Amino acid sequence: MPRRFDTAGEITPTDIAEARKELGRHLAQWRTVAGLRQVDLAKLIRYSRSQIANVEVGRDNTTRVFWRNADAALGARGALLAMSDQVQALVQNFQAQREHVRDQGRQQAGTPSAPPISPVEPCPAGCGCGPAVVGRWTTREVRALREALRMSLRAFSEHLDTTIAAVSSWEHRSTPALDEQSMLDQALTAADSHIKARFWLLLDNPEDPIPGAHDHPAATRRPTASPIHHANRIRPAS
């Protein structure tokens, strides 16, 4: 039976980190019982072996699609998916707790509470990478996110629960629709600090354009990334 994570009282980033580690340990146990290596499971659910490894040690905040696929591949009968939902509920409670503390601080300072803005969310692990907003997703941002996740077109489409044709179109021809942009917002919000750092690096270097993101010749190619605003941004160490 999946463990019920206690959400009563104050939740800390350490609580979330420990919950993710325990969830990762359960994934490793189910994989071992199934007689699969990390690379075997990665092939079954179309994710990279490194991502499986990161999830198993609690370093990767992945999506519900990942856990649904892993649960089915390992025959966990909903146990892994239920645990992942509990961890996500813990994260959401932590975020609500932090917002409540901010509201109290604003009230004490005599300033009105700010309305929530989507998709800006603080990193639940308290990594300090800061919230992030993409003003408009273009071919460049989509490709940057996929490369930052180290995913193939197939794996990325599975990650977003969409089709390979849709992802290919976003990367080469069309701007994603508004509901599709919201899907990408959520994927970026859920990414860990290492993935976000790679995302910034890919977009911040106009001298090293993302391969295949545009069909124009290199001599006339110009950076087309839309503005990305993020508070308290900490650049990754070189």
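Note that the coordinates shown come from a computational prediction; the quantities given were computed from them, not determined experimentally.
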*Looking at side-chain heavy atoms only, is the closest gap between L44 and L74 below 4.5 Å?*
no
*asked:* Give me the atom names and distance for the closest heavy-atom approach of A42 to S48.
replied: CB-C, 3.7 Å
*List the steps, then state whether side-chain contact (heavy atoms from CB on, under 4.5 Å) holds for L153 with E171.*
CA-CA 10 Å; L153 278 173; E171 288 194 9; 3.8 Å; yes
*Quick one: are Q95 and R98 in side-chain contact, heavy atoms under 4.5 Å?*
no
*Judged by atom type as modelled, is there a donor-acceptor pair below 3.5 Å linking the side chain of R198 to the main-chain atoms of A148?*
yes
*Verify whether one side chain among D185 and W137 offers a donor that lies under 3.5 Å from an acceptor in the other.*
yes
*Roughly how far, to the nearest 0.5 Å, is the CD1 atom of I11 from the CD atom of Q92?*
10.5 Å
*Donor-acceptor pair, S84 side chain versus L81 backbone, under 3.5 Å?*
yes
*Quick one: which of Q38, H159, R150 gives a side chain to side chain donor-acceptor pair (under 3.5 Å) with Y47?*
H159
*Going from CG on N69 to CG on L80, what distance comes out if it is rounded to the nearest 0.5 angstrom?*
12.0 Å
*Distance-only side-chain donor-acceptor flag, T138 / E141, under 3.5 Å*: yes
*Worked verdict on E147 versus R143 for salt bridge (charged side-chain N to carboxylate O under 4.0 Å, His left out)*: CA-CA 6 Å; E147 292 201 351; R143 180 64 179 264; 3.0 Å; yes
*Tell me, do L41 and L27 make a side-chain contact under 4.5 Å, heavy atoms counted?*
yes
*W67 vs V55 side-chain heavy atoms within contact, under 4.5 Å*: yes
*Under 4.5 Å between any side-chain heavy atoms of Q88 and R64, yes or no?*
no
*For residues P176 and L184, report the shortest heavy-atom separation together with the two atoms involved.*
CG-CD1, 3.9 Å
*Would you say the side chain of I45 lies within less than 4.5 Å of the side chain of I52, judging by non-hydrogen atoms?*
yes
_Tell me the closest heavy-atom pair linking A155 and R46, and the distance in Å._
CB-O, 2.9 Å
*What residues, two or more places apart in sequence or in another chain, satisfy salt bridge (charged side-chain N to carboxylate O under 4.0 Å, His left out) together with K21?*
E18
_In the structure I gave you, are the side-chain heavy atoms of T139 and W170 within less than 4.5 Å of one another anywhere?_
no
*Under the salt bridge (charged side-chain N to carboxylate O under 4.0 Å, His left out) criterion, do R25 and E56 qualify, and how do the steps go?*
CA-CA 6 Å; R25 285 193 292 268; E56 289 188 354; over 6 Å; no
*asked:* If I take atom NZ from residue K43 and atom CZ from residue R49, how far apart are they, to the nearest 0.5 angstrom?
replied: 12.0 Å
_Spacing of F199 atom CZ and L145 atom CG [to the nearest 0.5 Å]_ = 6.0 Å
*Could you walk me through whether H26 and Q29 pass side-chain contact (heavy atoms from CB on, under 4.5 Å), step by step?*
CA-CA 5 Å; H26 276 76; Q29 290 169 2; 4.2 Å; yes
_Keeping D40 on the side-chain end and R37 on the backbone end, is there a donor-acceptor pair under 3.5 Å?_
yes
_Which atom of S157 lies closest to which atom of I164, heavy atoms considered_ = OG-CG1, 3.4 Å
_D71 side chain vs R68 backbone, donor-acceptor pair below 3.5 Å_ = no
*Quick one: CE on M183 to CG on L188, what's the gap to the nearest 0.5 Å?*
14.5 Å
